[in-house]
Amino acid sequence: MATLADFKTSEKSWWCPGCGDFGVLAALQKSLVALDINPDELTIIAGIGCSGKIGNYINGYNLHVVHGRTLPAAMGVKLANRDLKVICAGGDGDAYAIGMGHFMHAMRRNVDITYLVMDNHIYGLTKGQYSPTSDPGFQTKTTPKGNIERPVHPLSTALAAGCTFVAQGFSSWQPQLASLIQKAVRHPGFALVNIISPCVTYNKINTYDWYKTSLTNLDTVEGYDSQNRVEALRVLHEHDELVTGLVYQDPTSVPYEDLAPGYSKTPLAGQDYALEDAVWKKMLAGLE
Amino acid sequence: MATLADFKTSEKSWWCPGCGDFGVLAALQKSLVALDINPDELTIIAGIGCSGKIGNYINGYNLHVVHGRTLPAAMGVKLANRDLKVICAGGDGDAYAIGMGHFMHAMRRNVDITYLVMDNHIYGLTKGQYSPTSDPGFQTKTTPKGNIERPVHPLSTALAAGCTFVAQGFSSWQPQLASLIQKAVRHPGFALVNIISPCVTYNKINTYDWYKTSLTNLDTVEGYDSQNRVEALRVLHEHDELVTGLVYQDPTSVPYEDLAPGYSKTPLAGQDYALEDAVWKKMLAGLE
Amino acid sequence: MDSTTTTVPVIAWKIGGDQGEGIDSTGDALATVANRMGYYVYGYKSFSSRIKGGHTNYKVRIGVDPLEATTETTEILVALNQETIDKNVSEVRTGGFVLADQAFKPHLPEGAAAHLVELPLTEIAKEVGSVLMRNMVAVGASAALLNLPLGPFDSYVERRFGSKGAQIVESNKAAIRRGFEEIQTRVGHLLDIRLGEPRPGDRLLMTGNDAMALGAIAGGCRIMAAYPITPASDVMEALIKWFPLVGGVVVQAEDEMAAVLMAIGAGFAGARGMTATSGPGFSLMQEAIGLASMTETPVVIADIQRSGPSTGMPTKQEQSDLLQMVNGSHGEAPRIVLTPSSIEEVFADAMDAFNLADGYQCPVLIASDLSLGLWKRTVERSAIDYRRAAIDRGELVSPEELLALGRDVFKRYELNDSGISPRSVPGMPFGQFLATGNEHGENGKVTEDPANRDRMMHKRLHKLDRFDREGVLTEGPKDADIMLVAIGSTVGILREAKRDLEAHGHRVGLSWLRYLSPFPVEATRAALAQAQRVLVVEQNATGQLLSLMKVQGIGHEPRFSSFLKVNGVPFTPEEVVRKVSGLLPVREVV
Amino acid sequence: MDSTTTTVPVIAWKIGGDQGEGIDSTGDALATVANRMGYYVYGYKSFSSRIKGGHTNYKVRIGVDPLEATTETTEILVALNQETIDKNVSEVRTGGFVLADQAFKPHLPEGAAAHLVELPLTEIAKEVGSVLMRNMVAVGASAALLNLPLGPFDSYVERRFGSKGAQIVESNKAAIRRGFEEIQTRVGHLLDIRLGEPRPGDRLLMTGNDAMALGAIAGGCRIMAAYPITPASDVMEALIKWFPLVGGVVVQAEDEMAAVLMAIGAGFAGARGMTATSGPGFSLMQEAIGLASMTETPVVIADIQRSGPSTGMPTKQEQSDLLQMVNGSHGEAPRIVLTPSSIEEVFADAMDAFNLADGYQCPVLIASDLSLGLWKRTVERSAIDYRRAAIDRGELVSPEELLALGRDVFKRYELNDSGISPRSVPGMPFGQFLATGNEHGENGKVTEDPANRDRMMHKRLHKLDRFDREGVLTEGPKDADIMLVAIGSTVGILREAKRDLEAHGHRVGLSWLRYLSPFPVEATRAALAQAQRVLVVEQNATGQLLSLMKVQGIGHEPRFSSFLKVNGVPFTPEEVVRKVSGLLPVREVV
Ligand SMILES: Cc1ncc(C[n+]2csc(CCOP(=O)(O)OP(=O)(O)O)c2C)c(N)n1
Ligand SMILES: Cc1ncc(C[n+]2csc(CCOP(=O)(O)OP(=O)(O)O)c2C)c(N)n1
Ligand code: SF4
Ligand code: SF4
Ligand SMILES: [Mg+2]
Ligand SMILES: [Mg+2]
């Protein structure tokens with residue numbers, strides 16, 4: 001059984017002191033231990049951004065892809081070796097700007113992937129432009145007069161897209177976040193955990209303090225039913241998505257891997273790819 | 001005032017006889033007349049697919065772009081000349097597969113564009129692969145054993161994305177479709193009309209007859225309130241999106257053009273771009 | 001009239017009508033039967049980016065020797081409408097036949113050299129069951145004109161329609177027989193030529209796209225992700241059909257960027273992944289090619305080129321993505337670019353591509369083209385052999401080595417002489433590493449150290465220095481009067497032209513490049529050094545292959561010239577013969 | 001000690017510390033003041049793809065003549081931490097100074113040739129208000145060492161911090177003064193060199209990205225869409241600042257494909273649109289470039305190149321997207337590629353790009369690079385003149401002509417000698433047309449007719465035949481001992497090297513290409529014909545510029561060679577001098 005140390009690397013962090021991403025990293029590492037995952041079967045597919053550097057700090061097989069395209073790469077990884085634990089991580093720009101198309105389609109396909117979006121409402125690494133989740137009116141380098149676009153609502157969007165597991169955590173609320181990550185990894189299908197992860201350098205509005213007073217913890221909402229999609233949408237609307245906890249889980253979720261016709265039950269990676277003569281003949285039969 | 005003839009071209013249609021796209025074309029042309037639009041101020045930005053050929057049959061300024069990217073091109077057109085009527089059209093693959101990211105972001109920006117998605121649940125032009133709106137179990141060239149992906153729900157997705165006008169029409173129900181298109185064009189902001197437009201060649205399941213018995217016309221639903229987003233989501237869920245009519249309109253919608261700081265009130269196209277010396281000096285002042 | 005009939009090695013047959021009228025399956029029926037009888041077949045379709053309506057035609061050349069191109073003349077034209085006659089009659093050679101449906105009151109234009117045979121195709125079809133059978137009646141009539149026996153058609157129908165029930169089988173058979181008899185009883189065998197005897201063998205009738213899919217399967221590919229696009233879609237569709245037999249999986253991606261990233265993800269995770277696309281999709285994959293190159297992740301990308309730029313002419317032939325294949329993606333991202341020139345080479349290259357991708361740990365691009373991808377041709381079964389090469393995963397670190405190293409020691413990008421570092425794959429204890437598109441050190445960690453940068457750029461760029469596949473193949477004399485040079489489907493065309501030119505007494509060579517990256521500089525130089533003249537024949541407008549040669553200092557001399565075509569129609573051997581004849585002094589046949 | 005002080009034309013100052021410690025604004029303060037005093041300034045930063053932490057430094061060269069590069073030695077190093085000393089002291093020349101904050105107990109390594117001056121920077125900062133003022137104390141101390149008067153610093157502070165209230169202004173002034181006095185009283189002016197007198201003029205201090213934005217505005221650009229990326233983001237950010245003054249609009253797009261399509265849409269609709277990006281984003285724009293080229297829609301795309309491939313080293317210099325700029329996109333898609341080599345040329349090219357895009361109705365790419373885009377330099381105000389060229393919209397059909405034609409007659413793609421067809425824009429009656437990425441006829445309608453295809457390909461490819469801008473600029477003798485050749489920011493480096501080499505008696509020429517597509521074949525040949533040797537200096541690994549020359553038959557001879565660098569650090573003039581000295585026989589200074 002792996003320990004916390006097993007999931008750490010010698011790499012020194014490149015994040016600013018106080019960055020919310022430290023909390024995401026910590027919760028993830030704790031969850032990996034709690035889930036009894038083996039570092040060799042762990043794959044982290046990370047995007048480009050401050051957030052995307054998370055892979056550098058976790059001992060696992062890490063693929064750091066081009067901006068916005070973690071999810072298709074992760075699908076390729078999972079389908080190549082269905083025994084692996086596949087975790088994607090990236091920022092709100094990576095996920096919801098350039099990555100939006102892949103995000104929507106990954107949810108529809110329901111491959112067994114956990115997606116941690118480290119949402120700071122800003123582009124950190126490129127030094128402070130607004131992001132798709134930035135609030136209206138928010139002033140940034142590219143919105144000096146305030147943001148005029150309607151923000152993406154990741155959770156309602158995920159529900160509309162048919163995502164089978166939708167949750168939101170807060171980097172400061174470690175126990176809940178860690179428990180959400182664990183549930184997400186255990187979920188058989190695509191699991192989104194949008195994680196509020198404040199940027200202390202470029203976002204002086206959506207700060208730790210601001211969130212602490214704005215967020216509603218769904219765990220404390222009496223009678224909240226996380227299996228009711230329509231109800232979930234209503235509650236999200238009511239709270240302008242400022243909630244944490246498990247928003248929705250489809251208990252009947254069957255992952256893509258189990259539905260794909262003819263797809264190998266054992267990992268494709270590591271097979272010898274030998275062909276049987278009879279199979280080859282069968283393929284060629286249609287060409288005679 | 002333009003007549004129907006003014007919006008026709010000499011081009012012979014390349015669609016299969018009976019294709020739903022004929023109905024979309026007809027309703028659009030009728031609407032253009034009813035809206036008293038001038039063919040010179042009409043721009044159609046069309047995608048790639050059978051559907052994308054619609055621009056070829058309408059007398060207007062037509063930009064036939066690369067697959068999936070009508071909406072950003074349309075934004076460029078509208079911002080270049082805010083006096084133009086900007087209509088986008090394309091298929092369900094163009095809109096919701098390769099174009100999904102742009103679709104989500106165009107809705108957030110709320111530029112005054114009308115988007116007609118000609119939805120046949122199939123890739124027509126590439127000869128019958130399943131599309132993002134294909135039903136589960138649907139057998140196509142690429143899903144010989146039946147589709148295993150959850151379909152995109154364009155209307156709920158649009159609502160989640162903050163779209164300020166969401167409607168669905170049916171190519172066979174001309175009067176309603178034409179009226180929806182007119183409302184959409186008049187709407188100050190981004191307007192989505194998803195149009196059920198059967199493919200008679202590659203989709204033998206979602207046929208005209210099938211739709212005629214499956215669709216609920218919202219115009220006939222007593223008390224349906226098209227200004228209530230949450231209610232709209234509930235009704236869509238209830239009918240699995242098989243409805244026609246105006247699903248939602250935000251009466252307070254202000255288009256992007258009216259919010260962009262400093263953006264010219266008169267069309268940018270056609271200006272002489274002359275600079276005043278004082279303005280130039282002001283710009284250079286920060287570089288002294 | 002047998003006495004006046006010459007036996008010929010090839011006859012060309014063509015059927016034309018509107019798209020959506022079953023032209024494809026009719027041509028396929030004839031081609032399949034001829035192929036099974038032991039003839040060599042080459043099929044070629046002219047079609048548009050449109051589903052129903054609009055003229056389309058399918059030409060099938062049937063011969064006693066291998067065929068590799070379509071040509072300018074036709075012996076038998078089957079016309080389902082007048083447009084077909086108007087558009088195609090000029091290529092029907094004197095004495096040839098136009099076989100037309102009475103129903104549309106066909107007529108030949110003034111001065112046409114062909115015979116018109118009006119047949120009640122629609123009428124007969126209705127009699128035997130349904131107007132849909134019209135094309136089958138035409139097939140039967142064609143068989144009679146071609147002097148082919150009916151038996152093989154019967155077995156074709158049984159195989160093809162067997163699953164649809166006895167009635168369908170019988171009425172199809174009847175349609176063919178009625179067409180056959182109609183010719184026999186009404187006109188007899190009127191062609192002044194007669195096809196030579198077939199030479200039965202163990203052969204297949206297939207396209208380059210079929211070969212691509214089969215090569216991939218044989219090469220160990222088990223994950224394919226693609227987005228539909230003409231003329232590449234059927235690589236995906238073939239794999240969807242065949243993969244379930246070997247446990248593989250195809251994902252129809254949301255776009256080409258997703259498709260190629262899925263394939264890269266698969267490569268990272270230790271499986272063999274690929275994608276297939278055409279120009280527009282290939283342009284969208286440029287960023288990802290850089291990622292695979294930088295992270296040294298194996299991936300195979302097939303580009304079935306079509307007419308560009310932009311949407312261009314989606315159903316038309318071209319070879320104009322070469323420069324993008326070699327140089328596309330920002331920065332300097334080493335890759336391998338293979339250029340198969342025949343269906344057999346497509347199979348071989350597709351199969352080898354996966355060993356090469358694993359072996360050199362880089363993206364392998366396969367440059368096919370529409371003609372090579374879509375047109376059916378007779379191929380020896382022995383050339384499509386899954387045992388032609390063993391699966392070779394390249395440099396992999398062993399579990400034992402990793403165990404000996406322990407945690408945090410393994411260097412995924414260790415520098416060594418070859419530039420190829422043994423890799424680990426997820427699941428191997430102590431093999432963890434970071435694969436990143438950022439510049440990185442030997443252990444994979446991101447670093448901007450200038451000295452490391454130099455070393456890593458050198459490693460990636462020079463690992464291909466040892467690439468040692470045969471770069472150029474040549475047929476004919478090296479010191480030829482003229483050396484024809486090409487890649488892709490143009491090579492088959494040149495081979496047919498070469499035969500003709502040789503018949504006219506010219507000493508003609510044919511050289512074709514088997515890959516463009518790394519560029520086979522020495523092999524190209526050697527192949528072309530002695531030729532009097534060199535003609536680089538390309539289906540593009542700017543001479544991209546010659547440009548690639550010129551960068552290497554090959555092709556600047558006046559003995560080099562280009563022959564280019566970009567109008568969407570493949571070169572014909574005849575065109576090449578005319579061009580070459582214009583360049584060379586006339587020679588007597590010896 | 002004035003007597004022993006030599007007057008020099010340039011002094012280099014450098015400040016180093018952790019990222020996020022205000023190194024940027026400190027360097028800017030000194031550079032701005034020096035520039036306003038009439039000195040010429042060149043700034044250069046070394047930074048990482050990281051927000052806080054990690055070493056960064058900012059070097060400012062201050063001189064009495066124009067400067068165009070960063071060099072290897074430094075006279076004054078301001079160190080805010082020990083790492084700065086360790087990493088940079090080797091470049092401090094003998095007699096130079098290391099000015100360090102006492103707070104971290106600085107020490108010089110064994111054998112360092114510099115003087116260490118420890119100052120209580122932090123302490124003084126605290127005294128005048130806040131530890132944040134530490135850098136300002138260092139600025140003051142530097143001013144004293146450099147022998148600059150305090151007055152200009154006071155006015156800088158007033159301008160810079162005026163809006164933040166009198167107290168901030170005063171405490172900043174105090175910090176600078178205290179630093180200044182500290183040097184004066186504690187060490188005096190110890191440098192053995194002294195900067196020559198400034199030559200006041202009307203100058204600006206700006207980056208190439210500033211110039212890009214200003215050129216765009218002057219060129220009539222009013223729509224810009226982009227996605228943030230280093231080192232291109234500040235083109236967008238500058239336009240966001242300036243566009244409201246002229247009614248323009250910037251859209252921060254969701255990705256680069258959206259950005260370029262927005263710019264294309266704007267061009268179609270008759271406005272002038274652009275986008276700016278760097279390698280990864282540029283790779284994503286390949287498909288769209290083909291669309292603009294095929295539809296003959298004007299659009300301007302700036303690529304501020306950085307180290308590739310893939311994510312590469314995002315904050316490091318490189319010039320490795322050249323081949324993709326010239327040949328990227330599938331098929332054959334004509335475009336113009338401009339290569340400015342200085343901030344002034346960036347301004348000129350950005351401005352002209354819009355006339356060229358309208359004039360040739362095609363995409364215009366501007367190849368800038370990180371060094372050119374990000375580093376501030378002194379520029380004469382007269383070189384940044386919005387009146388340098390009139391707006392020229394190119395061939396436009398007039399409303400009268402359209403009216404005379406009536407409906408359905410206008411041919412958007414009419415064939416003519418120039419290949420450039422007068423265009424209409426939405427809003428013009430009877431000017432309607434279809435702009436499609438499919439091949440099309442003169443009226444814009446889709447067609448696959450082979451003859452039309454040939455004509456249209458010819459039209460698009462050959463309209464650039466008349467492109468007649470000056471292709472190559474040369475300084476120095478054409479029959480030089482060595483001709484240095486480059487593009488982009490490398491040119492300024494070579495100019496500095498050339499001066500040095502000349503001082504050593506060499507006859508050196510410098511040629512730089514002003515565009516790469518269409519390739520200025522004759523101009524390049526002419527410029528290089530007479531040189532004894534030609535050295536093509538490029539900041540990439542494979543010699544892309546030389547490759548482009550070689551395709552044209554230029555550069556194969558042995559007198560040509562390449563000097564390449566790809567480790568992320570720009571060439572220094574010294575490096576070039578050493579390289580050239582190695583190639584040339586030693587000459588006596590005459
Ligand atoms: C194709 C491409 N475009 C742009 C960039 C530049 N880029 C790097 S990170 C980033 C966005 C960062 O924002 P986010 O995803 O929210 O991550 P954060 O830094 O806030 O964690 C961008 C635009 C890139 N690397 N690649
Ligand atoms: C980048 C790119 N990828 C793929 C294609 C091929 N392609 C043309 S149309 C189309 C999809 C057609 O489906 P849809 O958008 O639903 O339109 P329909 O034909 O059904 O109206 C595809 C994949 C392309 N033209 N460009
Ligand atoms: S810039 Fe913001 S997101 Fe990036 S490391 Fe710093 S605090 Fe975190
Ligand atoms: S294939 Fe389908 S969508 Fe395309 S034209 Fe025919 S009926 Fe319409
Ligand atoms: Mg962010
Ligand atoms: Mg469709």
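These numbers come from the heavy atoms of this one structure, side chains and all, not from hydrogens, waters or symmetry mates. Within every chain, numbering begins at 1; the chains are lettered A, B, ... in the order of the sequence lines, protein sequences first and strands thereafter. Because the structure is a prediction, the values reported are computed rather than measured.
- Contact between B:Ala160 and A:Ala160 at its shortest, heavy atoms only, is CB-CB, 4.0 Å.
- Two residues are said to be in side-chain contact when any heavy atoms from C-beta on lie closer than 4.5 Å; B:Val152 and A:Met104 fail this criterion.
- Side-chain atoms of A:His105 come within 3.5 Å of backbone N or O of B:Tyr96 as a donor-acceptor pair.
- Taking NZ of B:Lys145 as the start and CG of A:Leu259 as the end, the distance is 13.5 Å to the nearest 0.5 Å.
- Most heavy-atom pairs under 4.5 Å with chain A, from the set B:Ala161, B:Pro151, B:Pro132: that is B:Pro132.
- Note that the OG atom of A:Ser253 and the CZ atom of B:Arg150 stand 5.5 Å from one another [nearest 0.5 Å].
- A 6.0 Å sphere centred on NZ of A:Lys204 holds more than 12 heavy atoms belonging to other residues, nucleotides or ligands.
- In this structure, the separation between CG on A:Asn147 and CZ on B:Arg108 is 7.5 Å, given to the nearest 0.5 Å.
- Counting heavy atoms from C-beta on, the side chains of B:Phe103 and A:Met100 never come closer than 4.5 Å.
- With a threshold of 4.5 angstrom between heavy atoms, B:Ile148 approaches chain A through its backbone and through its side chain.
- Among the candidates B:Gly68, B:Ala97, B:Ala158, the residue making the largest number of heavy-atom pairs closer than 4.5 Å to chain A is B:Ala97.
- Ranked by non-hydrogen atom pairs under 4.5 Å with chain B, the options A:Val230, A:Val254, A:Leu236 are led by A:Val230.
- Of all the listed residues (A:Arg109, A:His102, A:Arg229), the one sharing the greatest number of non-hydrogen pairs under 4.5 Å with chain B is A:Arg109.
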